[in-house]
Amino acid sequence: MANISIIAFDGTRFDIAAADGSTVMENAVRNSVPGIDAECGGACACATCHVYVDDAWSEKVGQPSAMEEDMLDFAVDVRPTSRLSCQIKVTAALEGLVVHVPERQG
Ligand code: FES
């Protein structure tokens, strides 16, 4: 388990106790975080679960896979810290993780 925080675009902070092996996207959807559409349900096939990993966490979370990188081309306002939240798996190592929801998806 890890306590993670997802910050909605309007600044609302969602503090979530996330199970190991769940994805950041699943936790966002389960907690009704606005702005995470996740249209493909986590298959890395839609780019509507785009988030910005907080600068302090970017290195630890790591870089997207080649497949995720290709899909990120369809996201809006992609930045160096962009990731698809369905591809970030929660582990204890991510205790305290902070991600930010972009203004819009697609
Ligand atoms: Fe579709 Fe993440 S939910 S790419």
Side-chain angles (χ1 to χ4, degrees):
M1 206 220 44
N3 293 295
I4 65 171
S5 297
I6 305 175
I7 316 292
F9 185 71
D10 71 358
T12 308
R13 182 186 183 104
F14 294 76
D15 293 322
I16 300 168
D20 281 354
S22 65
T23 67
V24 171
M25 177 279 277
E26 288 165 348
N27 286 284
V29 169
R30 208 173 291 143
N31 289 275
S32 304
V33 176
I36 299 291
D37 298 340
E39 281 164 14
C40 78
C44 197
C46 73
T48 64
C49 65
H50 176 209
V51 295
Y52 303 117
V53 175
D54 195 81
D55 286 342
W57 281 93
S58 192
E59 203 168 307
K60 193 153 204 178
V61 171
Q63 292 300 308
S65 67
M67 181 175 149
E68 181 183 340
E69 186 87 62
D70 285 349
M71 197 47 59
L72 270 170
D73 288 345
F74 296 96
V76 177
D77 192 13
V78 175
R79 302 174 191 170
T81 56
S82 288
R83 290 289 313 265
L84 296 179
S85 58
C86 71
Q87 303 300 305
I88 305 174
K89 271 220 166 34
V90 173
T91 66
L94 295 186
E95 171 66 33
L97 173 69
V98 179
V99 302
H100 303 265
V101 179
E103 182 172 11
R104 63 191 178 93
Q105 303 281 354

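Atoms within a ligand are numbered from 1 in the order they appear, just like the ligands themselves.
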> Under the criterion side-chain contact (heavy atoms from CB on, under 4.5 Å), which of Thr48, Val76, Asp77 is the partner of Arg104?
Replying inline: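 Option passing the side-chain contact (heavy atoms from CB on, under 4.5 Å) with Arg104: Val76.
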Near [X], which atoms of ligand 1 are under 4.0 Å from a heavy atom of that residue?
X: Ala47; result: 4 (S)
X: Gly42; result: 3 (S)
X: Cys86; result: 2 (Fe), 3 (S), 4 (S)

> Does the shortest distance from atom 1 (Fe) of ligand 1 to an N/O/S atom of Cys49 fall below 2.8 Å?
Replying inline: no
>> Any N/O/S atom from Cys40 (main chain or side chain) under 2.8 Å of atom 1 (Fe) of ligand 1?
In response: yes
> Can His50 and Ser85 be counted as having a side-chain donor-acceptor contact under 3.5 angstrom?
Replying inline: no
> Have Ser22 and Asn27 got a donor and an acceptor in their side chains that come within less than 3.5 Å?
Replying inline: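 Side chains of Ser22 and Asn27: pair found under 3.5 Å.
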>> For Cys44, which part has a heavy atom under 4.0 Å from ligand 1: side chain, backbone, both, or neither?
In response: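 The answer is the backbone of Cys44.
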> Does ligand 1 have a heavy atom under 4.0 Å from the side chain of Ala45, from its backbone, from both, or from neither?
Replying inline: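 Near ligand 1, Ala45 shows its backbone, while the atoms from C-beta on stay back.
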>> Can a donor-acceptor pair be found, under 3.5 Å and without considering hydrogens, that links the side chain of Glu26 to the backbone of Thr23?
In response: yes
> Is there a side-chain contact between Asp55 and Thr81, using heavy atoms and a 4.5 Å cut-off?
Replying inline: yes
> Pro102 and Tyr52: which non-hydrogen atoms are nearest, and at how many Å?
Replying inline: CB-CE1, 3.5 Å
